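Computed over heavy atoms, backbone and side chain alike; hydrogens, waters and symmetry mates excluded. Protein chains get the first letters and strands the later ones, always in sequence-line order, with residue 1 at the start of each. Since this is a predicted model, take the numbers as computed values, not measurements.
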Amino acid sequence: MKRHMTRTGGRSMRNPAVSCQRSAVSYQLTAGLARDVEERLTVLFRQSKVIGGLYRSMGQEGESVATAYALERTDAILPLIRNMGALMTMGVRPREIFLQYMAKARSNSRGRDLNIHIVHLPVAGAAEPVVVGPISMLGDSIPVAAGIAMGARMRGQNMVAMAWIGDGATSTGAFHEGLNFAAVQRIPLIVVAEDNKFAYSTPIAKQMNIARIDERAAAYGIPHEMVDGNDMLAVYDVTKRLVDRARFGGGAALIGVDTMRMQGHAQHDDARYVPKALLEEWAKKDPIARFRTHLLETGAATEQDIDEIDAMTKRFASDEAQLAEDDAMPDPSTVTRGVYAGDDFAQPQVEFVKSPFRS
Amino acid sequence: MKRHMTRTGGRSMRNPAVSCQRSAVSYQLTAGLARDVEERLTVLFRQSKVIGGLYRSMGQEGESVATAYALERTDAILPLIRNMGALMTMGVRPREIFLQYMAKARSNSRGRDLNIHIVHLPVAGAAEPVVVGPISMLGDSIPVAAGIAMGARMRGQNMVAMAWIGDGATSTGAFHEGLNFAAVQRIPLIVVAEDNKFAYSTPIAKQMNIARIDERAAAYGIPHEMVDGNDMLAVYDVTKRLVDRARFGGGAALIGVDTMRMQGHAQHDDARYVPKALLEEWAKKDPIARFRTHLLETGAATEQDIDEIDAMTKRFASDEAQLAEDDAMPDPSTVTRGVYAGDDFAQPQVEFVKSPFRS
Amino acid sequence: MAVITYLEAIRQALGEEMARDERVFILGEDVGAYGGAFKATEGLQERFGEARVVDTPISETAIVGSAIGASYMGMRPVCEIQFIDFIACCFDMLTNFAATSRYRNGAGVSIVVRGPCGGGVGGGPFHSVNPEAFFLNTPGLKMVEPSTAYDAKGLLKAAIRDDDPVLYFEHKFLYRRIKDEVPEEDYVVPLGKAAIRREGSDLSIITFGAMTHTAMDAAATLSDAGVEAEVLDLRSLAPLDREAILTTVSKTSRALVLYEATRTGGIGGELAAILAEDAFEYLDAPVMRVASVDTPVPYSPPLEAAFLPNADKVVAAAQKLVEY
Amino acid sequence: MAVITYLEAIRQALGEEMARDERVFILGEDVGAYGGAFKATEGLQERFGEARVVDTPISETAIVGSAIGASYMGMRPVCEIQFIDFIACCFDMLTNFAATSRYRNGAGVSIVVRGPCGGGVGGGPFHSVNPEAFFLNTPGLKMVEPSTAYDAKGLLKAAIRDDDPVLYFEHKFLYRRIKDEVPEEDYVVPLGKAAIRREGSDLSIITFGAMTHTAMDAAATLSDAGVEAEVLDLRSLAPLDREAILTTVSKTSRALVLYEATRTGGIGGELAAILAEDAFEYLDAPVMRVASVDTPVPYSPPLEAAFLPNADKVVAAAQKLVEY
Ligand SMILES: Cc1ncc(C[n+]2csc(CCOP(=O)(O)OP(=O)(O)O)c2C)c(N)n1
Ligand SMILES: Cc1ncc(C[n+]2csc(CCOP(=O)(O)OP(=O)(O)O)c2C)c(N)n1
Ligand SMILES: [Mg+2]
Ligand SMILES: [Mg+2]
């Protein structure tokens with residue numbers, strides 16, 4: 001398994017120089033922002049301002065950020081509920097997330113759909129990503145992701161689509177059909193399969209009989225690799241290589257990430273089925289803390305730099321939350337509108353932020 | 001790839017003694033019977049006595065027979081349309097097939113369902129197999145097969161279930177979900193995946209991006225092996241080993257068979273999309289002719305023995321066809337009966353023959 | 001008699017049937033140690049072991065397909081679909097395999113497929129569906145949906161003992177909100193039988209599931225205004241209790257059909273057709289349908305409130321109906 | 001005007017739309033060199049290349065799912081389901097993903113899903129289905145089913161140009177049996193519009209697809225007996241042409257609803273409900289449904305004949321209706 005840092009963030013023997021062009025600090029920023037946004041959501045949830053469930057990616061922010069970092073700004077992402085990091089990396093403005101979770105009128109779904117179920121199909125020429133949030137039926141985003149990348153290819157765009165999927169969701173028929181189709185058609189689709197040890201309460205051993213989640217891809221004849229998901233540099237390296245390969249005609253690939261869901265499935269779930277020892281072990285490997293250590297040890301940033309970053313992301317998250325809180329709830333008279341074409345009404349476009357979260 | 005005979009049937013270097021207890025001659029009998037039954041069906045089809053399509057297994061009879069031979073009489077089989085050989089091996093009386101194809105009143109489905117869509121659930125203690133014919137939706141029999149073997153285990157029966165599946169059908173979500181579940185639960189399920197080069201008109205290269213069909217199983221962490229499907233001895237050996245393993249708690253396995261569909265998808269299909277050279281190559285490897293040569297060369301049978309076998313199976317097939325032809329068509333007044341329990345009516349049980357086709 | 005919740009009634013039915021008949025077992029996602037997303041199977045794995053309460057992968061088609069196979073071997077599987085919306089992922093297995101098996105080959109499929117349906121809890125478009133109409137045009141399936149704890153228990157027991165595939169929809173809004181008396185001793189509520197929840201002579205409200213309670217609320221309001229509604233709780237959606245439907249409408253001459261699924265193509269159509277065919281002479285006014293509006297289920301509370309039927313909408317429709 | 005078959009009309013519509021708009025492409029099983037199980041796509045791969053006529057694995061969910069994705073990128077995919085029965089295998093993708101996308105996020109899904117439906121050819125339980133009622137309770141989908149070559153071509157063109165997901169059911173019994181005149185020039189038959197196939201004043205037969213021809217045969221027989229039936233061919237099943245339905249029934253005061261799917265839970269229920277609601281005052285007799293019996297589709301010809309509606313059954317029902 002690919003690993004760049006030692007488990008607690010120190011320099012490992014195999015740790016090369018930071019291999020991406022972008023500043024290492026921006027990983028820290030983005031993963032921190034993802035966590036801060038979710039922390040704010042947790043507060044809002046406790047205040048009963050979030051409608052329905054809240055699904056946290058605590059402990060997984062690193063893989064989500066570092067995989068998305070390997071994409072170009074105009075590529076396509078199909079995140080699942082725990083890919084807050086990917087959304088932040090692609091520059092989705094945090095307010096969008098708060099608006100969605102609070103079911104507000106100006107959320108991308110106008111209060112019609114849950115949490116990160118947002119869709120952005122940029123106008124031609126815009127330097128924006130395609131974002132297609134999930135529907136709840138797990139697995140379905142894989143065929144759709146294949147179609148996005150295939151459609152883009154038909155239209156002459158050199159686009160890669162990236163879809164994330166949980167260990168549990170790899171058991172669905174839709175996952176199989178979609179990835180197999182992508183493999184046969186050499187579609188530039190990157191699937192990030194997240195082994196976070198559980199699907200709701202079900203341990204991965206009841207989900208699959210293979211030792212490593214990336215072996216799911218062996219049935220499709222595509223490259224697959226396992227990576228320490230809490231090592232952002234390693235994740236980036238592996239992903240970048242496979243993204244480049246896909247972009248230049250090499251076809252689909254699957255990246256297995258070894259990580260851990262550090263909270264319950266959703267906020268209502270106290271996750272008592274998770275062995276304490278497992279949590280303790282993974283707490284030491286927290287991707288953000290580890291990367292902090294790495295930045296300090298490599299001299300890429302000082303304590304003060306990082307504290308400033310932390311303060312900035314926290315402030316940003318809370319400002320954005322406030323903006324969303326102040327928005328109105330949807331007007332009930334709009335309920336029947338826009339089921340079919342011709343009856344569309346005011347569609348709030350997803351907003352993106354550029355700086356300082358991405359070079 | 002496992003192979004016992006040379007491609008044309010001569011003794012190969014690796015050819016061990018016939019490794020099963022049953023007489024080698026019975027393979028020849030059974031595969032020949034399967035072909036003869038289908039030949040009769042072809043005649044009946046031309047006479048417009050078959051309702052709907054006729055699907056032949058020409059060229060694949062060998063793998064179908066030899067895989068089923070590895071089962072006990074009380075195991076479960078879930079054949080697909082091209083598994084006439086398996087049905088004959090388990091002793092299903094040919095008349096049952098003719099009755100079904102001609103949609104007769106006393107067919108197992110009472111004229112309600114197609115071709116080999118028969119179901120036999122033996123009464124407790126009967127020395128008969130469970131037979132669950134397919135529904136047309138490909139892939140669906142894999143989860144059902146898993147359930148049969150799981151249910152039998154729950155009831156304390158030491159039963160193995162065997163399901164056949166085409167290369168094309170391995171692309172379905174149902175296949176994936178069913179085999180994955182069987183793998184996780186260590187269910188005694190043997191899947192025979194038939195690479196017969198085409199799914200209808202679609203070549204296998206458009207169906208999967210792997211070189212060998214058995215790699216489909218790599219995603220499930222179960223043993224898988226590829227075998228020359230037109231070499232009955234090799235097929236039997238590989239299958240027997242995996243069946244025994246499954247029976248004694250080893251769990252599911254997949255056998256990939258390398259074979260060739262020697263006619264069109266169904267009788268209406270002239271299969272002009274199949275390269276002539278491919279057919280010629282495989283014609284030389286006909287499993288029945290090959291086994292004939294093998295019997296002669298090993299001295300297991302004489303020309304005369306085999307001619308007698310041939311005459312016997314032909315006569316049997318045609319007698320059975322005649323019995324079926326003489327049966328009545330269903331009474332239309334029965335059409336509404338038996339949708340729900342309590343309204344069941346005269347259910348024709350599948351009949352089995354014992355001798356001389358199985359020891 | 002003990003007073004228990006709708007959810008507890010389901011849990012009791014499962015536990016008692018498993019104790020009564022060793023062929024009964026449960027399979028689904030997170031049904032084991034966790035006890036299911038809504039805790040309907042809580043404690044059952046501890047009591048009956050891992051072999052009889054099986055945590056499955058996220059594979060609805062495998063869940064239902066393997067249940068079919070196990071039922072062929074004489075077992076009586078109860079499948080849990082975590083939210084009934086995911087039944088769409090095994091639509092093929094249910095409608096093509098399970099529903100046709102007995103008719104085709106006399107091979108009955110004794111499975112129950114149960115799960116939480118319905119809205120009103122901010123579940124959004126994928127956790128709120130009422131799927132009965134998806135299955136109503138497939139002969140071979142049975143469908144039930146209880147509105148009380150008593151029925152929840154009795155119908156589930158009947159479903160498990162039934163020799164045909166039964167879809168059992170439990171309304172998640174009722175899980176912990178509804179409590180009623182349930183006998184200590186074993187009982188079943190037979191499939192195919194509706195129940196009068198309130199007698200009345202001015203109109204019939206034909207409904208089921210959570211909407212039964214909405215109908216009762218509306219009936220109380222109507223009664224204050226001098227209109228007496230009879231409330232018929234269908235309980236079974238397939239087969240429908242034609243006799244009970246015709247009896248109430250022959251008495252009141254006015255029918256209001258209330259269901260929570262979206263209006264077009266819903267079960268209300270079938271009810272209207274039955275009434276059109278067999279109650280034409282009794283009817284003094286058009287059959288009225290009150291249902292959700294024709295959109296996906298919206299998530300935001302003000303939208304969902306506008307989307308769903310409620311007592312006010314029923315009262316307004318009923319008043320129109322009696323004034324007709 | 002050329003006289004062409006229903007099947008040829010479909011093929012022409014596909015070819016012309018692909019020539020007209022490079023965003024249109026086809027995907028499905030065996031649609032390429034083979035030209036599809038029924039040859040609806042014959043010659044198209046040769047003409048437009050492998051990139052625009054894509055042979056897929058046996059993966060209905062991937063077919064429809066990838067079509068949704070491609071449509072997000074501005075393409076206009078046409079999915080072929082080899083027999084429409086297999087649409088059950090992508091029920092989830094259609095009802096949950098495609099149908100809700102525009103409502104949820106304003107992201108329209110411009111796909112067509114087409115395939116052969118219906119019985120009468122000895123296809124048995126898995127190659128004969130009429131699936132419209134499975135989808136009628138899902139807002140966001142459109143559905144059409146032509147009965148003539150003219151409509152087959154015009155409706156398919158309209159479906160491809162439409163910005164919403166359209167299910168296009170083609171009745172396999174009609175493929176080579178029906179021929180009629182089709183203009184040389186480009187035309188569409190708008191979605192949502194029914195057509196009167198025969199005028200009459202004694203009763204209205206409301207139907208679509210292959211049953212339109214059955215209705216016409218029945219109407220001819222009835223006419224000989226002095227009963228003049230009006231035949232309304234719905235063409236679009238979602239949305240229904242409410243106006244045309246009410247207009248014909250207001251004229252004849254008697255409605256017979258004829259559909260080939262099984263009776264209970266079929267589209268006839270929705271039609272009866274619409275009539276009950278909005279034509280109550282016009283109706284002089286109960287709405288009658290003539291449909292297939294409530295069983296899986298049986299395979300053997302005598303059984304299938306007993307199962308399906310036919311002109312005799314329609315005549316008998318119509319006579320009862322006018323005598324009412
Ligand atoms: C088809 C389907 N079945 C069931 C569910 C219910 N469900 C929601 S999340 C979840 C667990 C997902 O686990 P995994 O895929 O590992 O992702 P994770 O939550 O661990 O990120 C389940 C079972 C669903 N959303 N879709
Ligand atoms: C789910 C599903 N989709 C499509 C079909 C139509 N169909 C019937 S047979 C066939 C080809 C099957 O090929 P394969 O699985 O390789 O089996 P073979 O015919 O080669 O034995 C297809 C596409 C089907 N039966 N089921
Ligand atoms: Mg997981
Ligand atoms: Mg094949």
Chemist: If we define contacts as heavy-atom pairs under 4.5 Å, which of Ile135(A), Asp113(A), Val184(A) has the most with chain D?
Modeler: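 Top option by heavy-atom pairs under 4.5 Å: Ile135(A).
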Chemist: Would Arg114(D) and Glu80(D) pass as an ion pair if we require N to O under 4.0 Å?
Modeler: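 A salt bridge is present here (some side-chain N lies under 4.0 Å from a carboxylate O).
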Chemist: Would you mind telling me which of Val64(D), Asp164(D), Val54(D), Asp163(D) has the largest number of heavy-atom pairs within less than 4.5 Å of chain A?
Modeler: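 Looking at each of Val64(D), Asp164(D), Val54(D), Asp163(D) in turn, Asp164(D) comes out on top.
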Chemist: Is it true that Lys104(A) and Asp331(A) have a side-chain N and a carboxylate O under 4.0 angstrom from each other?
Modeler: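 Result for this pair is no, no salt bridge flagged.
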Chemist: Select one option (side chain, backbone, both, neither) describing which atoms of Asn108(A) are under 4.5 Å from chain D's heavy atoms.
Modeler: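 Its backbone and side chain both get close to chain D.
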Chemist: Does Glu17(D) come within less than 4.0 Å of Arg20(D), counting only side-chain N to carboxylate O?
Modeler: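 Between Arg20(D) and Glu17(D) there is a salt bridge, with a charged N closer than 4.0 Å to a carboxylate O.
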Chemist: Check the angle between the aromatic planes of Phe135(D) and Phe91(D) and answer parallel, tilted or perpendicular using the 30° and 60° thresholds.
Modeler: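 The rings of Phe135(D) and Phe91(D) sit tilted, inter-plane angle from 30° to 60°.
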Chemist: Select one option (side chain, backbone, both, neither) describing which atoms of Pro122(A) are under 4.5 Å from chain D's heavy atoms.
Modeler: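 When you check distances to chain D, no heavy atom of Pro122(A) falls under 4.5 Å.
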Chemist: Find the one option among Gly178(A), Ser109(A), Gly147(A) whose heavy-atom pairs under 4.5 Å with chain D are most numerous.
Modeler: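 Answer, by heavy-atom pair count under 4.5 Å with chain D: Gly147(A).
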Chemist: Given a strict heavy-atom distance threshold of 4.5 Å, which part of Glu60(D) is in contact with chain A: side chain, backbone, both, or neither?
Modeler: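 The backbone, not the side chain.
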Chemist: Side chain, backbone, both or neither: which part of Ile63(D) has a heavy atom under 4.5 Å from chain A?
Modeler: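 It is neither, since no heavy atom gets under 4.5 Å.
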Chemist: Strictly below 4.0 Å, N to O, side chains only: are Asp162(D) and Lys157(D) in salt-bridge contact?
Modeler: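 Looking at Asp162(D) and Lys157(D), the cut-off is not met.
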Chemist: Using 0.5 Å steps for rounding, measure from the CZ atom of Phe134(D) to the OG1 atom of Thr95(D).
Modeler: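 Answer for the CZ-OG1 pair, Phe134(D) versus Thr95(D), is 12.5 Å.
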Chemist: Given a strict heavy-atom distance threshold of 4.5 Å, which part of Arg153(A) is in contact with chain D: side chain, backbone, both, or neither?
Modeler: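 Contact with chain D involves no heavy atom of Arg153(A) at all.
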Chemist: Going by an N to O cut-off under 4.0 Å, is there a salt bridge joining Arg73(A) and Glu128(A)?
Modeler: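 No.
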Chemist: Counting only heavy atoms closer than 4.5 Å, note whether Val132(A) contacts chain D via side chain, backbone, both or neither.
Modeler: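 For Val132(A), side-chain heavy atoms alone lie under 4.5 Å from chain D.
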